[in-house]
Structures are given as structure tokens and as C-alpha cells.
Amino acid sequence: MATVELTAENFAEKIGGEGITLVDFWASWCGPCRMFAPVYERVSEDNPDIVFGKVDTEAEQALAAEFNIRSIPTLMIVRDGVALYSEPGALPQQALESLIQQARELDMTEIKAKVAEAQAAQGEVNA
């Protein structure tokens with residue numbers, strides 16, 4: 001699957017569902033972003049069951065701010081609506097493939113239970 005452009009209008013729809021979504025926060029003037037782009041595209045072609053999205057931080061400044069993007073490229077991995085990973089830096093292909101494999105292998109029932117526990121604990125602190 002080719003990469004898809006993510007905007008404020010379609011972002012929630014693309015990352016909120018079941019499955020894995022990768023998000024590349026980038027800008028056209030960013031050298032490391034341009035170096036990472038072909039790697040991201042190649043890996044997207046090898047994983048047609050995953051959504052590979054790209055957020056142009058220049059065009060989507062509010063979206064970049066919402067996710068506190070301070071350095072680009074930043075890669076975010078979301079599975080079943082839960083953000084699992086968000087780190088800046090261009091990755092080599094092998095590292096990107098490894099992250100995808102790790103995301104595939106996670107027990108999301110366990111992850112969602114931990115998220116719910118953390119949210120409940122946070123609610124108790126804020127109460």
C-alpha cells in the first residue's frame with residue numbers, strides 16, 4: 001500500500017480503528033525526512049495490511065502541535081487506537097521492520113487493560 005496523506009480532517013478516522021497505523025511526521029525542508037521517505041515507502045509496500053500515513057508538519061501545524069512534535073521526522077505507531085510508540089529520528093529499514101514486527105506481536109488485550117488501569121489511577125489522582 002502506498003502512503004496516505006493525513007490531515008486534521010482524516011487523522012482520527014485513519015488511526016482510530018482496528019489494526020496498525022504508522023504515522024510519519026515530516027516536512028519538505030527536512031533532510032533526514034527526505035532520507036527516511038524512501039525507506040518508509042518501501043516498507044509500506046511490503047506491509048499492505050498496515051496504514052502508512054504521512055503528516056506534513058508545515059501544512060498541519062495544529063496536528064503536529066497536538067502530538068507535541070518537536071523534532072522531525074517523528075514516527076508514531078498506533079494499534080487498535082492505542083499509541084504504542086512515538087520517537088523522533090530517521091530509522092534504517094531493518095529497524096522499522098523490527099518495530100512493525102514488535103507491534104504485530106503485542107497482546108492488545110493486555111495493553112488495553114494496562115491503559116485502562118493507568119487512566120483509572122490518573123482519575124483517582126485528579127479527583
Of all the heavy-atom pairs spanning [X] and [Y], show the shortest one and how long it is.
X	Y	value
S86	T74	OG-CG2, 3.8 Å
A90	F36	CB-CB, 3.8 Å
R79	R104	NH1-O, 3.2 Å
A37	K54	CB-NZ, 4.2 Å
R34	S28	NH1-O, 2.9 Å
P92	V39	C-CG1, 4.2 Å

| query | Considering residues, nucleotides and ligands other than E58, do more than 12 of their heavy atoms fall under 6.0 Å from its CD? | reply | yes

| said: With a sphere of 6.0 Å drawn around NZ of K114, does it hold more than 12 non-hydrogen atoms of other residues, nucleotides or ligands? | reply: no

Nearest 0.5 angstrom please: [X] [atom1] to [Y] [atom2], how far?
X	Y	atom1	atom2	result
I20	L84	CD1	CG	8.0 Å
E45	F52	CD	CZ	10.0 Å
I100	I77	CD1	CD1	6.5 Å
T57	R70	OG1	CZ	12.0 Å
D46	E41	CG	CD	10.5 Å
F11	E66	CZ	CD	7.5 Å

| Sequence neighbours excluded - ring-ring contact (aromatic ring centres under 6.0 Å, His included) pairs with any residue from residues 74-121 |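 Residue pairs with at least one partner in residues 74-121: there are none.
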
| task | Would you sort out whether V4 and V51 count as a side-chain contact (heavy atoms from CB on, under 4.5 Å), showing the intermediate values? | result | CA-CA 8 Å; V4 294; V51 174; 4.0 Å; yes

| query | Should W29 and V55 be regarded as members of a common hydrophobic cluster, given that ILVMFWY residues are connected when their side-chain heavy atoms come within less than 4.5 Å of each other, either directly or indirectly? | reply | yes

| query | Cluster question for you: counting only ILVMFWY and a side-chain heavy-atom cut-off of under 4.5 Å, with indirect links fine, are I72 and M35 together? | reply |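 Different hydrophobic clusters.
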
| Taking the side chain from Q93 and the backbone from V43, do they hold a donor-acceptor pair closer than 3.5 Å? |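 Between the backbone of V43 and the side chain of Q93 there is no qualifying donor-acceptor contact (under 3.5 Å).
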
| D80 side chain vs G19 backbone, donor-acceptor pair below 3.5 Å | yes

| request: Could you walk me through whether K14 and V23 pass the side-chain contact (heavy atoms from CB on, under 4.5 Å) test, one step at a time? | output: CA-CA 10 Å; K14 294 291 184 187; V23 182; over 6 Å; no

| message | Let's go through L22 and L99 carefully: what are the C-alpha distance in whole Å and the side-chain angles of both, what is the deciding distance for side-chain contact (heavy atoms from CB on, under 4.5 Å) to 0.1 Å, and is it a yes or a no? | response | CA-CA 10 Å; L22 275 70; L99 282 172; over 6 Å; no

| request: Would you mind reporting whether E60 and L6 have side-chain heavy atoms less than 4.5 Å apart? | output: no

| Side-chain donor-acceptor pair present, S98, Q102, cut-off under 3.5 Å |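 On atom types as modelled, these side chains qualify, holding a pair under 3.5 Å.
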
| Would you call the rings of F25 and F67 parallel, tilted or perpendicular, where under 30° means parallel and over 60° means perpendicular? | tilted

| So D56 and W26, side-chain contact (heavy atoms from CB on, under 4.5 Å) or not? Walk me through it. | CA-CA 5 Å; D56 180 346; W26 69 284; 3.9 Å; yes

| query | Partners of E87 by side-chain hydrogen bond (donor to acceptor under 3.5 Å, both in side chains), sequence neighbours excluded? | reply |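 side-chain hydrogen bond (donor to acceptor under 3.5 Å, both in side chains) check on E87 returns nothing, list empty.
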
